[in-house]
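One is the number of the first residue; the rest follow in order along the sequence.
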Amino acid sequence: QVQVVESGGGLVQAGGSLRLSCTASGFTFENYAMGWFRQAPGKERERVSCIHRNGLYTSYPNFVEGRFTISRDNAKNTLYLQMNDLKPEDTAMYYCAADLKPTYNICPGQDVHWGQGTQVTVSS
């Protein structure tokens with residue numbers, strides 16, 4: 001069974017940093033596009049970043065403004081999200097997502113395997 005588990009969230013002051021991790025199992029991780037999403041209360045879930053299976057190609061929306069970096073270690077079946085210069089508006093539950101099938105896309109498709117999320121709270 002496909003499983004992804006997030007960790008690394010927490011409470012941080014504005015301007016601080018966090019590094020999220022997502023450990024994957026149940027599939028050949030290195031063949032799958034992965035992504036980070038987030039959702040704040042009352043808001044739609046949104047993509048934060050995506051990464052190609054080989055880690056060479058990534059995608060970011062404008063709102064991360066170069067502050068976030070997605071990466072992966074295929075040998076460890078782990079996805080990362082380095083978040084710097086955090087802002088209060090970054091406060092959300094952050095979810096790891098694995099594509100449903102192996103592709104050479106940068107981002108997973110519309111339907112993904114979700115983790116349970118890790119909470120990121122940015123104060124001030």
Between Phe37 and Gln39, is the side-chain contact (heavy atoms from CB on, under 4.5 Å) condition met? List the steps.
CA-CA 7 Å; Phe37 294 70; Gln39 187 169 30; over 6 Å; no
Hey, does the side chain of [X] reach the backbone of [Y] with a donor-acceptor pair shorter than 3.5 angstrom?
| X | Y | value |
| --- | --- | --- |
| Thr118 | Gly9 | yes |
| Arg67 | Asp85 | yes |
| Thr78 | Lys76 | yes |

Check [X] against [Y] and note the closest heavy-atom contact, atom names and distance.
| X | Y | value |
| --- | --- | --- |
| Leu100 | Asp111 | CG-O, 3.1 Å |
| Ser124 | Ala14 | C-CB, 4.0 Å |
| Ser49 | Ser59 | OG-O, 3.1 Å |
| Ala92 | Gln119 | O-NE2, 3.4 Å |
| Pro108 | Cys50 | CD-SG, 3.9 Å |

Output yes when Glu30 and Arg53 qualify as a salt bridge under the 4.0 Å nitrogen-oxygen rule, no when they do not.
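So Glu30 does not pair with Arg53 through a salt bridge.
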With rounding to the nearest 0.5 angstrom, report the [atom1] to [atom2] distance, [X] to [Y].
| X | Y | atom1 | atom2 | value |
| --- | --- | --- | --- | --- |
| Arg72 | Asn54 | CZ | CG | 8.0 Å |
| Cys96 | Glu6 | SG | CD | 5.5 Å |
| Asn84 | Thr69 | CG | OG1 | 6.5 Å |
| Arg38 | Glu89 | CZ | CD | 8.0 Å |

Counting only heavy atoms from other residues, nucleotides and ligands, does the tally under 6.0 Å from CD of Gln116 exceed 12?
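Open.
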For Gln13, is the CD atom crowded, meaning more than 12 foreign heavy atoms sit under 6.0 Å from it?
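No - once you tally the heavy atoms of other residues, nucleotides and ligands closer than 6.0 Å, there are 12 at most.
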Intermediate values then yes/no, side-chain contact (heavy atoms from CB on, under 4.5 Å), Gln82 and Ser17
CA-CA 8 Å; Gln82 178 66 47; Ser17 298; 4.0 Å; yes
Less than 4.5 Å apart, side chain to side chain, heavy atoms only: is that true for Arg47 and Cys107?
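Sidechains of Cys107 and Arg47: in contact.
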Check the orientation of His52 and Tyr104. Use parallel for under 30°, tilted for 30 to 60°, and perpendicular for over 60°.
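Rings of His52 and Tyr104: tilted, as their planes differ by 30° to 60°.
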Suppose clustering is done on Ile, Leu, Val, Met, Phe, Trp and Tyr with side-chain heavy atoms closer than 4.5 Å. Which residues sit in the same group as Val120?
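Under the 4.5 Å side-chain rule, Val120 groups with Val2, Val4, Val12, Leu18, Leu20, Phe27, Phe29, Tyr32, Met34, Trp36, Val48, Ile51, Tyr60, Phe63, Val64, Phe68, Ile70, Leu79, Leu81, Met83, Leu86, Tyr94, Val122.
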